[in-house]
Chemist: 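Below you'll find the structure I mean.
Lettering follows sequence order; numbering is per chain, from 1.
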Number of protein chains: 2
Amino acid sequence: MSGPPHVRRPATLASLAAELGVSRTTVSNAYNRPDQLSAPLREKVLEAARRLGYPGPDPVARSLRTRRAGAVGLLLTEALSYAFRDPVATGFLEGLALACEQAGQGLLLVPVSPEHADVAAVHQAGVDGFVVYSVSEDDPHFRAVLERPVPTVICDQPIGVEGVDRVSVDDRDGMRALGRHLTGLGHRRIGVLCMRLGPQRQDGPASLARQQETSYPVQRERISGIRDALVEVGVDWASVPVVERFEHSPEAGASAAAELLAGHPDVTALVCTSDVIAIGALQWAAEQGIDVPGRLTVTGFDGVPEADRLGLTTVRQPVRRKGQVAGELLLERGDRNTPKYVVLPTELVVGATSGPAKKREEFFSGW
Amino acid sequence: MSGPPHVRRPATLASLAAELGVSRTTVSNAYNRPDQLSAPLREKVLEAARRLGYPGPDPVARSLRTRRAGAVGLLLTEALSYAFRDPVATGFLEGLALACEQAGQGLLLVPVSPEHADVAAVHQAGVDGFVVYSVSEDDPHFRAVLERPVPTVICDQPIGVEGVDRVSVDDRDGMRALGRHLTGLGHRRIGVLCMRLGPQRQDGPASLARQQETSYPVQRERISGIRDALVEVGVDWASVPVVERFEHSPEAGASAAAELLAGHPDVTALVCTSDVIAIGALQWAAEQGIDVPGRLTVTGFDGVPEADRLGLTTVRQPVRRKGQVAGELLLERGDRNTPKYVVLPTELVVGATSGPAKKREEFFSGW
DNA sequence: ATGAAAGCGCTAACAT
DNA sequence: ATGTTAGCGCTTTCAT
């Protein structure tokens with residue numbers, strides 16, 4: 001298939017019409033408007049089609065003529081394949097797929113791999129609109145999407161793009177609520193494990209500058225949220241260790257937890273900016289024999305199903321709904337010309353992985 | 001977007017050519033064959049394009065002309081949205097996406113919802129080929145795919161379709177190995193929890209007839225595998241309880257486990273035909289305070305990441321690889337006209353959820 | 001290096 | 001109820 005295009009169609013609408021001695025319109029109607037011709041004639045056409053091996057109207061030719069592709073394009077941050085490993089992305093996809101399904105639209109995943117850095121795939125996509133899921137602010141593919149003369153909906157990131165629909169959640173607010181839950185439990189010495197803050201891999205401590213200058217607003221907002229809560233009770237944010245990981249996986253979470261606690265053994269709570277990271281941290285703690293939440297509190301963000309099963313304390317965001325809304329925004333847009341911005345609510349989920357902070361004395365004997 | 005088609009393109013290749021006083025060919029070349037015209041002229045064309053808001057060649061028109069859509073269609077059993085909830089399906093998708101990515105091809109998810117029972121979506125898909133993932137033997141969408149004049153690759157199911165590429169694993173063999181592991185541990189009274197066996201919802205015990213007549217060969221093979229192992233040690237298969245669930249989710253697994261053990265309290269091992277079901281069974285056992293594997297052995301099939309984290313005894317199948325191979329089969333097919341059938345290996349993973357069967361006496365005191 | 005001509009396969013006014 | 005006409009926007013030999 002990468003070689004020559006696939007075989008020429010055995011028969012076309014025109015050849016069928018010629019064969020039958022009817023007009024092309026009639027054949028077209030036989031497929032698209034059964035009520036426009038008599039039942040016997042229609043049957044005759046369909047029968048001839050079967051006989052000649054005519055597979056029905058070519059979808060591409062029809063799309064060209066009707067000016068609709070019948071599909072929505074999806075642009076993702078990462079390599080396409082990554083999306084299927086991330087439970088938040090799959091939740092989003094589930095919702096988006098649901099919306100597409102209901103509208104009878106296909107969902108085209110646009111191939112953006114780090115290797116194929118070219119933007120051609122975006123130009124090549126035969127779609128009626130794009131959903132852009134959580135991409136970095138300077139993504140070239142994203143720019144290419146904006147150049148296409150079709151409607152677009154952004155999910156989460158980037159922010160601040162004028163005139164483009166967007167759906168997101170209030171990350172900062174959600175994390176602030178979680179932070180207050182922790183400070184309410186007496187935690188003062190906490191550590192943060194976060195996702196990548198820049199396009200370049202940088203695993204390790206994230207400076208204050210890096211926290212602020214990140215090209216990933218979602219991470220910035222979540223970090224700001226936990227900071228808000230700590231500052232409220234008088235903690236000096238500059239003293240709070242933040243460890244960053246480029247990969248987003250439980251393994252990365254485990255190694256980040258190890259790194260943070262090695263450097264800051266007196267930390268009583270590990271705040272992770274995603275459930276995936278938190279799941280890794282939890283696993284690490286279990287392997288180390290560290291009691292959660294007795295000795296260490298661990299929290300996440302997102303509310304993915306596995307976190308639920310593990311009883312993780314987290315902030316649940318309606319990922320599926322987010323995908324659905326993104327799809328609806330794109331598919332049900334009438335002729336409106338003012339953009340819509342939808343912000344969905346989050347919910348604090350107190351599970352079994354957060355508990356009271358031990359006092360320093362208890363703490364050292366607790367090891 | 002569901003209303004009128006999106007706005008007419010502001011400019012076309014032809015209008016740009018006219019404006020510049022050059023031929024259409026030249027404009028086309030500026031985009032597709034930069035080496036066919038002088039750099040200055042090319043720049044002039046591109047500049048004019050920017051100025052006039054010409055977004056580059058229309059992908060649909062190009063597809064019609066070149067006879068290639070630059071995308072692969074994916075047909076799934078279930079509602080599209082389900083695929084993203086099932087870790088096996090997402091693993092497969094990951095691999096398939098990887099293959100598409102590398103070939104620079106898009107991946108179009110064809111919308112098949114139970115509501116939109118019509119096959120139109122298959123006809124509407126502008127793709128160069130189809131991958132069919134684990135669909136039932138009598139799926140009408142599948143028939144529609146076969147009618148399209150493009151290459152197709154089947155994954156897992158249906159089996160026995162002549163002349164169509166296929167990739168699968170030896171389910172029966174994998175399950176047989178698992179079964180021998182269990183009989184080796186002394187298990188003789190086992191129960192099976194399986195996925196749906198027919199298009200109609202039927203939650204509860206599955207008769208021998210139903211096990212054999214299922215339209216889902218994969219389930220049949222897995223059940224046959226465990227049967228093989230039990231028959232080898234003299235167990236009468238007719239006495240082995242098999243509980244079926246229509247939904248494929250941990251919740252369904254939990255309820256199936258409850259049902260099976262309520263009816264057969266002397267069972268020492270629960271063999272599940274998927275990890276997702278097994279995870280639910282495990283959760284149920286934990287809630288009931290049933291010791292695994294002390295009192296009850298629980299096993300799965302697939303080897304999904306979460307199963308790994310839980311230490312589930314299971315049969316690992318290379319799901320990701322399966323997706324990748326499916327993609328490669330479709331994309332790298334030269335001009336071969338003989339179909340390929342690829343069968344990938346499985347691997348028994350002995351985790352922490354399988355242990356020796358207790359003797360009947362120990363067993364009752366174990367409650 | 002550039003242009004002219006010829007469709008790819010189809011649908012939608014509009015007429016009859 | 002059926003046919004006629006006129007493209008949708010583009011690429012690709014083949015000439016020049």
Side-chain angles (χ1 to χ4, degrees), chain A residues 4-45 49 52-70 123-124 126 128 148-150, chain B residues 4-45 49 52-70 120 123-126 128 148-150:
Chain A
H6 63 257
V7 279
R8 191 194 186 78
R9 325 194 90 208
T12 70
L13 186 144
S15 73
L16 223 191
E19 168 83 15
L20 280 164
V22 300
S23 82
R24 296 199 294 272
T25 310
T26 301
V27 178
S28 176
N29 283 340
Y31 286 94
N32 304 319
R33 312 192 164 173
D35 51 318
Q36 295 296 298
L37 71 175
S38 63
L41 179 55
R42 170 152 197 257
E43 198 33 63
K44 199 173 126 192
V45 172
L52 273 67
Y54 175 63
D58 180 300
V60 174
R62 165 191 273 153
S63 284
L64 175 58
R65 185 59 239 241
T66 60
R67 310 260 11 124
R68 46 171 29 120
H123 292 132
Q124 185 191 243
D128 300 323
R148 292 275 309 256
V150 295
Chain B
H6 63 259
V7 280
R8 192 192 186 78
R9 325 194 91 209
T12 70
L13 186 143
S15 73
L16 222 192
E19 168 81 14
L20 279 165
V22 301
S23 80
R24 297 199 292 273
T25 310
T26 301
V27 178
S28 176
N29 283 339
Y31 284 93
N32 304 318
R33 310 189 165 174
D35 52 319
Q36 295 296 298
L37 71 173
S38 64
L41 178 56
R42 171 153 197 256
E43 199 32 64
K44 200 173 124 191
V45 172
L52 272 68
Y54 175 62
D58 179 299
V60 175
R62 166 192 269 153
S63 284
L64 175 58
R65 187 57 240 238
T66 61
R67 309 255 20 120
R68 46 172 28 121
H123 292 132
Q124 184 191 245
D128 299 324
R148 292 275 309 257
V150 295

Chemist: Whole-Å distance between C/dG3 C1' and B/L20 CG?
Modeler: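 Those two atoms, CG and C1', are 14 Å apart.
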Chemist: With a 4.0 Å limit, can you tell me whether B/R67 has a side-chain N or O closer than that to the phosphate oxygens OP1/OP2 of C/dC8?
Modeler: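 Checking B/R67 against C/dC8: no side-chain N or O falls below 4.0 Å of OP1 or OP2.
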Chemist: Please round to the nearest 0.5 Å and tell me the distance separating atom CG of A/N32 and atom OG1 of A/T25.
Modeler: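 Rounded to the nearest 0.5 Å, the CG-OG1 separation comes to 11.0 Å.
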Chemist: Show, in sequence, the C-alpha distance, side-chain angles and deciding distance for B/R67 and A/D58, and conclude whether the side-chain contact (heavy atoms from CB on, under 4.5 Å) test is met.
Modeler: CA-CA 10 Å; B/R67 309 255 20 120; A/D58 180 300; 2.7 Å; yes
Chemist: Starting from C1' on D/dG9, measure out to CZ on A/R68 and report it in whole angstrom.
Modeler: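 My rounded result for the distance is 18 Å.
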Chemist: Both B/L37 and B/R65 contact DNA chain C. Which one's nearest nucleotide lies toward the 5' end?
Modeler: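 The residue whose closest nucleotide sits nearer the 5' end is B/L37.
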Chemist: Report the nucleotide, chosen from C/dT2, D/dT2, C/dC10, that has the shortest atom-to-atom distance to any side-chain atom of B/L41.
Modeler: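 Closest nucleotide to the B/L41 side chain: C/dT2.
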Chemist: Whole Å only: how far is the NE2 atom of B/H123 from the C1' atom of C/dC10?
Modeler: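 Taking NE2 of B/H123 and C1' of C/dC10, I get 16 Å after rounding.
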Chemist: Between P on D/dT12 and CG on B/L64, what's the gap in Å once rounded to a whole number?
Modeler: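 Nearest whole value for this atom pair: 12 Å.
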Chemist: Expressed as a whole number of angstroms, how long is the span from B/D35:CG to C/dT2:C1'?
Modeler: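 Taking atom C1' of C/dT2 as the reference, CG of B/D35 is at 14 Å.
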Chemist: Measure the spacing between CZ of B/R68 and CZ of B/R62 and express it to the nearest 0.5 Å.
Modeler: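 Interatomic distance, B/R68 CZ to B/R62 CZ, rounded to 0.5 Å: 11.0 Å.
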Chemist: Below 4.0 angstrom from OP1 or OP2 of C/dT11, is there any side-chain N or O of A/N32?
Modeler: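 Checking A/N32 against C/dT11: at least one side-chain N or O falls below 4.0 Å of OP1 or OP2.
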Chemist: Please enumerate all residues that pass side-chain hydrogen bond (donor to acceptor under 3.5 Å, both in side chains) together with A/Q36, with sequence neighbours excluded.
Modeler: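 Expected list: none.
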Chemist: According to the salt bridge (Lys or Arg N to Asp or Glu O under 4.0 Å) rule, which pairs have a member within residues 28-45 of chain B, sequence neighbours left out?
Modeler: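 Checked against salt bridge (Lys or Arg N to Asp or Glu O under 4.0 Å) - neighbours excluded - the pairs reaching residues 28-45 of chain B are B/E43-B/R50.
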Chemist: Kindly write out the residues that satisfy side-chain contact (heavy atoms from CB on, under 4.5 Å) with B/T26, not counting sequence neighbours, or none if the list is empty.
Modeler: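 Per chain and number, B/T26 pairs via side-chain contact (heavy atoms from CB on, under 4.5 Å) with B/V22, B/S23, B/L37, B/L41.
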Chemist: Starting from the 5' end of DNA chain C, give me the residue, B/V22 or A/S28, whose nearest nucleotide shows up first.
Modeler: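 Its nearest nucleotide lies further toward 5', so the answer is B/V22.
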Chemist: Using the side-chain contact (heavy atoms from CB on, under 4.5 Å) criterion, which residues pair with B/A14? Sequence neighbours excluded.
Modeler: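 Partners of B/A14 by the side-chain contact (heavy atoms from CB on, under 4.5 Å) criterion, ordered by chain and then number, come out as B/T12, B/R24.
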Chemist: Looking at every non-hydrogen atom in both residues, tell me the closest pair between B/A49 and B/Y31 and how far apart they are.
Modeler: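 What the structure gives for the nearest pair is CB-OH, 3.3 Å.
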Chemist: So which protein nitrogen or oxygen atoms get under 3.5 Å of nucleotides 13-16 of chain D's nitrogens or oxygens?
Modeler:
none

Chemist: Considering just the side-chain nitrogens and oxygens of A/T26, establish if one lies under 4.0 Å of OP1 or OP2 belonging to D/dG3.
Modeler: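 Answer is yes, contact under 4.0 Å.
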Chemist: Rounding to an integer number of Å, can you tell me how far B/Y31 OH sits from D/dG9 C1'?
Modeler: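 One finds 13 Å between C1' of D/dG9 and OH of B/Y31, rounded.
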Chemist: Does D/dG3 have OP1 or OP2 under 4.0 Å away from a side-chain N or O of A/S23?
Modeler: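 For D/dG3, OP1/OP2 do have a side-chain N/O of A/S23 under 4.0 Å.
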Chemist: Just the rounded figure in Å: distance from P of D/dC8 to CZ of B/R62.
Modeler: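 One finds 19 Å between P of D/dC8 and CZ of B/R62, rounded.
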Chemist: How close do A/G70 and A/D128 get, heavy atom to heavy atom, and via which atoms?
Modeler: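 That would be N-OD2, 2.8 Å.
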Chemist: Give me the bend of the helix from C/dA1-D/dT16 to C/dT16-D/dA1, using the axes of the five pairs at each end, rounded to 10°.
Modeler: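 Terminal axis comparison yields 20°.
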Chemist: Among C/dC10, D/dG9, D/dT2, find the nucleotide with the atom closest to the side chain of A/Q36.
Modeler: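 Per side-chain heavy atoms of A/Q36, the pick is D/dT2.
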Chemist: If you look at every heavy atom in A/G126 and B/V60, which pair is closest and at what distance?
Modeler: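 Shortest heavy-atom separation between A/G126 and B/V60 comes out as CA-CG2, 4.2 Å.
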Chemist: Starting the side chain at C-beta, find the nucleotide from D/dT11, D/dG9, C/dC10 nearest to A/D58.
Modeler: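 Among the listed nucleotides, the one closest to the side chain of A/D58 is C/dC10.
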Chemist: Map A/S38 and A/R24 onto DNA chain D by nearest heavy atom, then report which one ends up closer to the 5' terminus.
Modeler: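 Nearest nucleotide further toward 5': that of A/S38.
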Chemist: Over how many whole Å does the gap from A/E19 atom CD to C/dG9 atom P extend?
Modeler: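 About 17 Å, once rounded to whole Å.
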